[in-house]
Amino acid sequence: MTIYGAVEGGGTKFNCLVATDKDNILAETRIPTTKPDETMSAVVDFFAKFEEEHDQKIASIGVACFGPVDLNKQSPTYGCITTTPKPYWAKAPILGPLKERFDVPMDFEVDVNGSAIGEHTWGAAQGLTDFVYYTIGTGVGGGAMVGGQMLHGLMHAEMGHQMMPQVEGDDYPGFCPFHGHCFEGVATGPSLADHWGKPAQEFGIDHPAWELEAEYIAIAMMNTVLMLSPQRIILGGGVMNQMHLFPMIREKLLKRLNGYIQRPEILEDIDNFIVPPGLGNYAGMMGALAMAMKVAA
Ligand code: ADP
Ligand code: ZN
């Protein structure tokens, strides 16, 4: 049986696994995101140890990492993080340490594109050619598939930093160190906590924060519909555990679009247009696995 390696690199932990398929995971670990050398050696060791203990070679590795990252295969910094404000991690090589140790095909993506690939392979975007996956958690990120390909362009999309107009009655200046009142600046867990003075988990369903949150997410959804013409939008991440946001976002999106996009997918079937991830919290991990399986084939 062919075995594959997968890495989901996040700001707090790197999830790694070895598997033969989605439903056959052979080994799994979580490595804290401390310093690049430390974290990446632990990732390499995890796979090396698996190979030794099982006397079996890993056929390929897929890596989906927090960004911004360099996805340009011609670039000398391909496989590296670029400009993160996260201490120690700017310019950190992610793919490099793995390439040094394992001479196998590898694929590299920014985390949200990885989640999108997971959803496309086994989740809520199966069979689609154009869709967007957003995560709304510690940060906001958006990964897009366009015409059957993950959107890279210059690097990858950064939809989490689209600017947000100030909704009437809201004077919160926003939390993004780069742009203030961008999507990430108003809609993440940390920005909600900063705005309202306690963790979002403790708000309760009637808290006024949710009306505003749904409004801002609906604005981002409208922008996304207009800019990328997706067949579906998946909303994941910690904040979207607040499932009551889904009907609010759908209603507000319809209201804001105001009948302009005359498609039955939106006008008649909005419940299947704005959806939670089919793979839940495993979208990123499964995406990295799907990338490994594809690059080995
Ligand atoms: P990350 O973005 O770091 O990968 P998550 O997507 O889990 O991780 O996002 C974590 C953020 O989501 C935290 O800021 C937390 O406040 C927020 N969060 C997690 N669960 C909930 C919840 N049930 N309700 C509201 N916010 C939540
Ligand atoms: Zn921003």
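As the structure lists them, so they are numbered: ligands from 1, and atoms in each ligand from 1.
- Close contacts of ligand 1 with P190, meaning ligand atoms under 4.0 Å from a residue heavy atom, involve 14 (O).
- The backbone N or O of T129 lies less than 3.5 Å from a partner atom in the side chain of Q231, making a donor-acceptor pair.
- Protein heavy atom at the shortest distance from atom 5 (P) of ligand 1 is G238 N, 3.5 Å.
- Within 6.0 Å of atom OH in Y172, more than 12 heavy atoms from other residues, nucleotides or ligands are found, so the atom counts as buried in its surroundings.
- Checked against a 3.5 angstrom limit, the closest N/O atoms of T12 and ligand 1 fall outside it.
- The distance from the CD atom of E251 to the CD1 atom of I274 is 13.0 Å, given to the nearest 0.5 Å.
- S229 is not listed as a side-chain neighbour of D130, based on a closest heavy-atom distance of 4.5 Å or more.
- Protein heavy atom in closest approach to atom 1 (P) of ligand 1: T138 OG1, 3.4 Å.
- Those atoms of ligand 1 that come under 4.0 Å of a heavy atom in G237, given as number and element, are 6 (O).
- Under the rule for a salt bridge (charged side-chain N to carboxylate O under 4.0 Å, His left out), K35 has no partner lying at least two apart in sequence or in another chain.
- Proximity of L95 to M106: side-chain heavy atoms (C-beta onward) are separated by under 4.5 Å at one or more points.
- Close contacts of ligand 1 with Q242, meaning ligand atoms under 4.0 Å from a residue heavy atom, involve 22 (C), 23 (N), 24 (N), 25 (C).
- Looking at K13 and P32, their side chains never come closer than 4.5 Å, going by heavy atoms from C-beta outward.
- The 12-atom threshold is not exceeded at NZ of K57, counting heavy atoms of other residues, nucleotides or ligands nearer than 6.0 Å.
- The Zn ion (ligand 2) has H161 ND1, C176 SG, H179 ND1, C182 SG as its protein N, O or S neighbours under 2.8 Å.
- For the atom pair CZ of R250 and CD1 of I217, the computed distance is 12.0 Å after rounding to the nearest 0.5 Å.
- Below 3.5 Å of separation, one finds no N or O of T135 facing any N or O of ligand 1.
- Atoms of ligand 1 lying under 4.0 Å from at least one heavy atom of A200, given by number and element, are 25 (C), 26 (N).
- Cluster annotation: L226 is connected to Y216 through the hydrophobic network of ILVMFWY side chains, with a link wherever side-chain heavy atoms come within less than 4.5 Å.
- The protein atom (non-hydrogen) at minimum distance from atom 9 (O) of ligand 1 is G137 CA, 3.2 Å.
- Put simply, the side chain of V44 reaches to within 4.5 Å of the side chain of L98, judged on heavy atoms.
- Of the charged side-chain nitrogens involved, at least one lies within less than 4.0 Å of a carboxylate oxygen, so that R256 and E215 count as a salt-bridged pair.
- Ranking the protein heavy atoms by distance from atom 23 (N) of ligand 1 puts N241 CB, 3.5 Å first.
- Looking only at heavy atoms of the protein, atom 16 (O) of ligand 1 is closest to Q201 OE1, 3.2 Å.
- The shortest N/O to N/O separation between W210 and ligand 1 does not fall below 3.5 Å.
- Per-residue contacts place G189 under 4.0 angstrom from the following atoms of ligand 1 (heavy atoms of the residue considered): 14 (O), 16 (O).
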